[in-house]
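Heads up, the thing below is written out as structure tokens.
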Amino acid sequence: MISLIDNISKKMNTIEKIYKKLLEIYGPQGWWPLIEINGTNPTKTGSINGYHQNDYSYPRTKNQQFEIILGVILTQNTSWPQVEIALKNLKKNSLLSPKKITEKNINLIKKSIKPAGYYNQKSERIITVSKYFKSLKKTPSRDEILSIKGIGPESADSIMLYAFKIPEFIIDAYTKRIMKALGLISENAKYDKIKEIFERSIKKDTKIYQEYHALLVEHAKHYYKKGSDFKKDPLLKLLTS
DNA sequence: TTCCAGGCAATAC
DNA sequence: GTATTGCATGGA
């Protein structure tokens, strides 16, 4: 006898299956972390506070929205703990608002964000984005922010999804690595192609997109660090069973 | 010491 | 159009 559960699981596509499994393993992630929120999950590596599991109401203020945008730029090819230090420095120097950051000396910005690396490039990018954000009247389109120098596809999608709550699926290095290991994409699959696979497979929903991306990052930190053995990934068994 | 991290733009072919 | 390179810090 085929149970209802079996039927559902057979109909469920691979991308949905992975999402359910990851959520089951790790639970809700509470992204995007904000330094202003009191800590709810002290176990998260590198995080002092700011995660908000099961609460999708953030950002609640313009400054939180701005902080997310700066975090997106600062985390380009950089680990989150370093970004957190940079954000705290910016806050300490009263630079966590678009108005203030465009008024202050670039050297103070560079000094603040130095722990996050690439500080010459990132300071320019932060100033450019701050000027743009300061004069922003309504939610921008993806293409609009993608045209800003220093904002590529991943940063654009991250800003849309976490700062503006628009459902754009984010593809990052971890996501690519996982998808390749599972045999779901080819070696040279391009950003837009991978994004399409996810967006075609799951409900177009901001909360799900936010959660799924965060779960993929968390999962990758367990099984997909460079040089580690992908074959230990429990998702491999999930897909072959 | 060497390698890597929640990319991106410029340049080379 | 696709591949390579520079950007930079701090942790593993």
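So you know, we letter chains A, B, ... as the sequences are listed, proteins then strands, and number each from 1.
Rounded to whole angstrom, the span from the CH2 atom of A:W80 across to the C1' atom of C:dG10 amounts to 16 Å. For A:L74 and C:dG10, the CG to P distance is 14 Å, given to the nearest whole Å. Put simply, CD on A:E84 is 13 Å from P on C:dG11, counting in whole angstrom units. With rounding to whole Å, A:K190 atom NZ is found 6 Å from C:dT2 atom P. With rounding to whole Å, A:Y191 atom OH is found 17 Å from B:dA9 atom C1'. In this structure, CD of A:E187 is placed 11 Å from P of C:dA3, rounded to the nearest angstrom. As a whole-Å value, the separation of A:N77 CG from B:dC8 P is 10 Å. In this structure, A:N188 places its CG atom 16 Å from C1' of C:dT4, rounding to the nearest Å.
Taken residue by residue, residues 89-98 of chain A places no heavy atom nearer than 4.0 Å to DNA chain C. Listed in residue order, the members of residues 109-127 of chain A having a heavy atom less than 4.0 Å from DNA chain C are A:K114, A:P115, A:G117, A:Y118, A:Y119, A:N120, A:Q121. Of the residues in residues 153-167 of chain A, those placing a heavy atom less than 4.0 Å from an atom of DNA chain B are A:P153, A:E154, A:S155, in numerical order.
Taking the six-membered ring for Trp, A:Y224 and A:F230 have ring centres closer than 6.0 Å.
For the pair A:K114 and A:Y119, the cation-pi test (distance below 6.0 Å, angle within 45°) is passed.
Remark: the A:N13 side chain and the A:S201 side chain contain no N/O donor-acceptor pair separated by less than 3.5 Å. A donor atom on one side chain and an acceptor atom on the other are found under 3.5 Å apart for A:T102 and A:K134.
Between A:E24 and A:K21, at least one side-chain nitrogen of the basic residue sits less than 4.0 Å from a carboxylate oxygen of the acidic one, meeting the salt-bridge criterion.
In this structure, the side chains of A:N93 and A:K111 stay at 4.5 Å or more apart for every pair of heavy atoms. The shortest side-chain heavy-atom distance between A:I18 and A:L182 falls under the 4.5 Å cut-off.
Residues passing the side-chain hydrogen bond (donor to acceptor under 3.5 Å, both in side chains) test with A:R177, sequence neighbours excluded: none. Remark: A:K190 engages no residue in a side-chain hydrogen bond (donor to acceptor under 3.5 Å, both in side chains) (not counting sequence neighbours). Applying the side-chain hydrogen bond (donor to acceptor under 3.5 Å, both in side chains) test to A:S158 and every residue at least two apart in sequence or in another chain returns nothing. Every side-chain hydrogen bond (donor to acceptor under 3.5 Å, both in side chains) that A:T78 has, sequence neighbours left out, goes to A:K122.
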Distances for protein N or O near nucleotides 10-13 of chain B N or O, under 3.5 Å:
none

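With both ends at atom P, the span from C:dA8 to B:dT11 equals 15 Å, rounded to whole Å.
Across all strands, A:I85 comes closer than 4.0 Å to no nucleic acid atom at all (heavy-atom distances).
Within the structure, ring pair (Phe, Tyr, Trp, His ring centres under 6.0 Å) contacts touching residues 126-160 of chain A (residues at least two apart or in different chains) are A:F66-A:F133. Residue pairs that meet the salt bridge (charged side-chain N to carboxylate O under 4.0 Å, His left out) test with at least one member in residues 54-68 of chain A, sequence neighbours left out, are A:D55-A:R60. Pairs passing the ring pair (Phe, Tyr, Trp, His ring centres under 6.0 Å) check and including a residue from residues 195-217 of chain A, sequence neighbours excluded, read A:Y19-A:Y212, A:W31-A:H213, A:F169-A:F198, A:F169-A:Y209, A:F169-A:Y212, A:F198-A:Y212.
Checking side-chain atoms of A:S123 against main-chain N and O of A:I106 turns up no donor-acceptor pair under 3.5 Å. In this structure, the side chain of A:Q210 engages the main chain of A:L161 through a donor-acceptor pair within 3.5 Å.
Distances shown here put every side-chain N or O of A:R177 at or beyond 4.0 Å from the OP1 or OP2 atom of B:dC4.
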What dot-bracket string describes DNA chain B from 5' to 3', counting Watson-Crick and G-U wobble pairs whose defining distances are under 3.5 Å, with [ ] for crossing pairs and | for pairs to another strand? .||||.|||||||
